Amino acid sequence: MVLTRRKMKQCLILGIAIILVICLYRTWASSIGGGVKESATQEDQIAGVLPEPLPREDAENVVQELERTRRRMAQLERKIQELEARIPVKYPDVKYLNYKNRRRILVTGGAGFVGSHLVDLLMMEGHEVIVVDNFFTGRKRNVEHWFGHENFELIHHDIVNPLFIEVDEIYHLASPASPPHYMYNPVKTIKTNTMGTINVLGLAKRVGAKVLIASTSEVYGDPDVHPQPETYWGHVNPIGPRACYDEGKRVSETLSYAYAKQENVKVRVARIFNTYGPRMHMNDGRVVSNFILQALQNESITIYGNGKQTRSFQYVSDLVDGLVMLMRSNYTQPVNIGNPVEHTIEEFAEIIHDLVGGKSVIKQMAAVEDDPQRRKPDITRAKKYLNWEPRVPLKVGLERTIEYFRKELARTNHHSQRNVFLPRHADES
């Protein structure tokens with residue numbers, strides 16, 4: 001019989017229950033053996049007179065029995081821990097690659113929303129993956145299912161500081177990506193996207209690694225051109241509340257091509273458009289997470305502005321596929337990775353409301369400063385040079401995301417009751 005953790009916990013509970021029953025029986029038997037006390041008279045009960053306490057000898061017996069029970073429970077807990085330690089950790093099914101095909105891949109920000117899904121894909125393909133994260137927005141639980149695997153390594157490190165390791169490829173995803181997070185510490189956001197990028201490119205130069213820089217659609221700002229092709233230079237406010245992120249990413253791109261020209265570093269630049277899926281941060285302030293959480297909790301679904309501004313949403317597995325395909329291509333110019341199907345924020349709120357149900361109402365709030373009014377990628381380059389386009393329908397992706405957030409909200413305070421979104425095989429993603 002296979003002894004699982006669940007069965008061991010059941011055995012522990014059963015053992016504790018048996019011990020408690022034995023203790024209660026012994027206490028009851030000893031009190032009966034000492035003689036039957038006369039019951040309190042009706043007058044005493046009315047007067048509120050309490051029954052006499054147990055004799056000293058009986059009280060000492062109860063204390064000793066409870067102490068023996070405590071020791072037995074501690075022994076059982078130790079035995080359960082020993083048995084759990086003997087059970088081998090089970091990992092998702094990983095493909096085997098020989099040393100010629102296996103690559104050592106660094107993912108900065110690999111414990112974050114997008115980074116953790118990228119790590120899953122690379123691990124499933126059989127590569128050695130090194131995750132570097134300072135856990136500002138990333139979480140260990142996003143990659144905990146790989147802890148202890150021979151191909152996985154996690155380094156707690158801030159990429160603003162230099163890093164010295166040997167790798168073949170680098171995916172530079174380190175940076176807060178949602179407005180509340182990158183506005184919380186704008187100076188840190190700029191440093192991550194400038195000094196952090198310099199450190200990544202310097203590492204790539206030293207070890208001869210190929211680098212993919214995760215840029216953003218925010219480099220286009222509030223665009224005058226629609227949809228946005230990669231040749232569009234953007235319309236960005238350099239001193240606005242979003243500038244720390246927008247301009248930081250623009251400098252990151254500039255640094256990448258400066259290193260490519262001067263130091264012959266192999267660089268790839270992905271301009272990522274709105275992405276959603278499991279493992280999104282619950283309080284990241286983005287449209288999808290906000291709307292889903294508000295709908296699940298029967299709160300008002302808040303729209304900032306008139307709701308006519310548009311966004312194009314892609315599921316996270318589509319984005320990860322695009323990043324990997326760009327890294328492995330020979331194309332060196334920036335590439336938009338996003339979904340060209342455009343929706344207004346108002347339409348999207350209604351879609352979320354219909355999928356979740358409940359009693360939420362859609363409520364308009366004051367517009368946010370420098371909020372882009374239109375956002376839609378031109379993915380001609382991605383189709384032509386990568387043979388990539390999004391595949392997951394909006395409804396399918398939203399249903400998976402809603403289910404993830406529903407489980408997240410249903411979690412208790414117990415650490416053991418996890419909401420782990422396990423990776424599927426690369427062929428299924």
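Model, not experiment: these values are computed from the prediction.
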>> Can you give me the closest heavy-atom contact between Leu255 and Ile198, atom names plus distance?
In response: CD1-CG1, 3.7 Å

> Mind checking what makes side-chain contact (heavy atoms from CB on, under 4.5 Å) contact with Gln309, not counting sequence neighbours?
Replying inline: Asn306, Arg311, Ile345, Asp371, Gln373

>> I'd like to know if the side chain of Gln228 and the backbone of Lys376 have a donor-acceptor N/O pair within less than 3.5 Å.
In response: yes

> Should Val167 and Ile105 count as side-chain neighbours, where that means a heavy-atom distance under 4.5 Å?
Replying inline: no

> From Ile272 CD1 over to Leu323 CG, what is the distance, rounded to the nearest 0.5 angstrom?
Replying inline: 5.0 Å

> Between Leu394 and Val341, is any pair of side-chain heavy atoms under 4.5 Å apart?
Replying inline: no

> Any side-chain heavy atom of Lys210 sitting closer than 4.5 Å to one from Ile170?
Replying inline: no

>> Using a 3.5 Å distance criterion without hydrogens, assess whether the side chain of Asn134 forms a donor-acceptor pair with backbone atoms of His157.
In response: no

> Just how far is it from atom CG of Asn274 to atom OG of Ser217, taken to the nearest 0.5 Å?
Replying inline: 5.5 Å

> Are the aromatic ring centres of His281 and Phe113 under 6.0 angstrom apart?
Replying inline: no

>> I need the Leu163 CG to Leu106 CG distance, nearest 0.5 Å.
In response: 6.5 Å

> Which heavy-atom pair separates Val320 from Val114 by the least distance, and what is that distance?
Replying inline: CG2-O, 4.3 Å

> Are the charged groups of Arg250 and Glu247 less than 4.0 angstrom apart, N to O?
Replying inline: yes

>> Between Arg104 and Glu128, does any NZ, NE, NH1 or NH2 come within less than 4.0 Å of an OD or OE carboxylate oxygen?
In response: yes

> Between Glu169 and Arg103, is a salt bridge (Lys or Arg N to Asp or Glu O under 4.0 Å) present by the stated rule, with each step listed?
Replying inline: CA-CA 7 Å; Glu169 293 179 353; Arg103 293 186 291 276; 3.0 Å; yes

>> Restricting to side-chain hydrogen bond (donor to acceptor under 3.5 Å, both in side chains), what partner residues turn up for Arg328, sequence neighbours left out?
In response: Glu125

>> Are the side chains of Trp146 and Val119 in contact, using a 4.5 Å heavy-atom criterion?
In response: yes

> Mind checking whether Ser175 and Tyr245 have side chains closer than 4.5 Å, heavy atoms only?
Replying inline: yes

>> Between Glu403 and Arg400, does any side-chain N to carboxylate O distance fall below 4.0 Å?
In response: no

> Is the shortest distance from a Lys or Arg side-chain nitrogen in Arg391 or Asp321 to a carboxylate oxygen in the other one below 4.0 Å?
Replying inline: yes

> For Ser289, what residues pass the side-chain hydrogen bond (donor to acceptor under 3.5 Å, both in side chains) criterion, not counting sequence neighbours?
Replying inline: Asp284

> Do Ser312 and Asn339 get their side chains close enough for a donor-acceptor pair, meaning under 3.5 Å?
Replying inline: no

> Using 4.0 Å as the upper bound for N to carboxylate O, is an ion pair formed by Arg271 and Glu230?
Replying inline: no

> Where do Glu67 and Arg70 land on the salt bridge (Lys or Arg N to Asp or Glu O under 4.0 Å) test, with the steps shown first?
Replying inline: CA-CA 5 Å; Glu67 180 61 24; Arg70 187 190 64 78; 2.6 Å; yes

> Going by distance alone, is a donor N or O of one side chain under 3.5 Å from an acceptor N or O of the other, for Glu299 and Ser360?
Replying inline: no

> Would you say Asn387 has more than 12 foreign heavy atoms packed within less than 6.0 Å of its CG?
Replying inline: no

>> Applying side chain to side chain contact (heavy atoms under 4.5 Å, CB included) to Ile155 and Val131, what does each step give before you reach the verdict?
In response: CA-CA 6 Å; Ile155 302 175; Val131 169; over 6 Å; no

> Does Arg375 offer a backbone N or O that forms a donor-acceptor pair with the side chain of Tyr220 under 3.5 Å?
Replying inline: no

> Can any side-chain N or O of Gln262 pair as donor or acceptor with the backbone N or O of Tyr259 at less than 3.5 Å?
Replying inline: no

>> Could you work out, with side-chain hydrogen bond (donor to acceptor under 3.5 Å, both in side chains) as the rule, every residue matching Arg268, not counting sequence neighbours?
In response: none

>> Determine whether Glu389 and Arg381 satisfy the following criterion, salt bridge (Lys or Arg N to Asp or Glu O under 4.0 Å), listing intermediate values before the conclusion.
In response: CA-CA 10 Å; Glu389 60 182 322; Arg381 281 188 182 178; over 6 Å; no

> Sub-3.5 Å donor-acceptor pair from the side chain of Asn199 to the main-chain atoms of Met195, do we have one?
Replying inline: yes

>> Measuring only between side-chain heavy atoms, which start at C-beta, is Glu342 closer than 4.5 Å to His226?
In response: yes

> Pairs in or reaching into residues 330-354: which pass ring-ring contact (aromatic ring centres under 6.0 Å, His included), with residues at least two apart or in two chains?
Replying inline: Phe313-Phe348, Tyr331-Tyr385

>> Is the positively charged end of Lys188 above the ring of Phe136, judged by distance under 6.0 angstrom from the centroid and angle within 45° of the axis?
In response: no

> If you count the non-hydrogen atoms of other residues, nucleotides and ligands that lie under 6.0 Å from NE2 in His235, is the total more than 12?
Replying inline: no

>> For Asp378, is there any backbone N or O sitting under 3.5 Å from a side-chain donor or acceptor partner on Asn336?
In response: yes

> Should Asp120 and Arg279 count as an ion pair when the cut-off is N to O under 4.0 Å?
Replying inline: yes

> Less than 4.0 Å between a side-chain N and a carboxylate O, is that true for Lys191 and Asp158?
Replying inline: no

> Do Thr137 side-chain atoms and Pro176 backbone N/O form a donor-acceptor pair below 3.5 Å?
Replying inline: no

> Are Tyr315 and Thr275 close enough, and set up right, to give a side chain to side chain contact (heavy atoms under 4.5 Å, CB included), and what steps lead you there?
Replying inline: CA-CA 6 Å; Tyr315 190 65; Thr275 307; over 6 Å; no

> Just by modelled atom types, is the Lys249 backbone N or O under 3.5 Å from a matching donor or acceptor in the Asn193 side chain?
Replying inline: no

> Which residues satisfy the side-chain contact (heavy atoms from CB on, under 4.5 Å) test with Ile190, sequence neighbours excluded?
Replying inline: Thr194, Cys244

> Okay, side chain of Ser116, backbone of Val143: is any donor-acceptor separation there less than 3.5 Å?
Replying inline: no

> Quick one: does Asp133's side chain have a donor or acceptor within less than 3.5 Å of a partner on Ala111's backbone?
Replying inline: yes

>> With side chain to side chain contact (heavy atoms under 4.5 Å, CB included) as the criterion, how do Tyr171 and Leu122 come out once you've worked through the C-alpha distance, each side chain's angles and the decisive distance to 0.1 Å?
In response: CA-CA 11 Å; Tyr171 289 84; Leu122 298 174; 4.0 Å; yes

> Could you give the distance from CG (Asp354) to NZ (Lys395), rounded to the nearest 0.5 Å?
Replying inline: 10.0 Å

>> Assess, by modelled atom type and distance only, whether the side chains of Asn151 and Tyr91 contain a donor and an acceptor separated by less than 3.5 Å.
In response: no

> So how far is it from Leu296 CG to Glu408 CD, rounded to the nearest 0.5 Å?
Replying inline: 11.5 Å

> Would a 4.5 Å heavy-atom cut-off, applied to side chains only, mark Ile165 and Ile130 as touching?
Replying inline: yes

> Between Tyr304 and Asn290, is a side chain to side chain donor-acceptor pair (under 3.5 Å) present by the stated rule, with each step listed?
Replying inline: CA-CA 11 Å; Tyr304 295 95; Asn290 273 3; 5.3 Å; no

>> With a 4.5 Å cut-off on side-chain heavy atoms, are Gln333 and Val269 touching?
In response: no

>> The test is side chain to side chain donor-acceptor pair (under 3.5 Å); show your working for His117 and Ser317 and say whether it passes.
In response: CA-CA 7 Å; His117 286 278; Ser317 64; over 6 Å; no

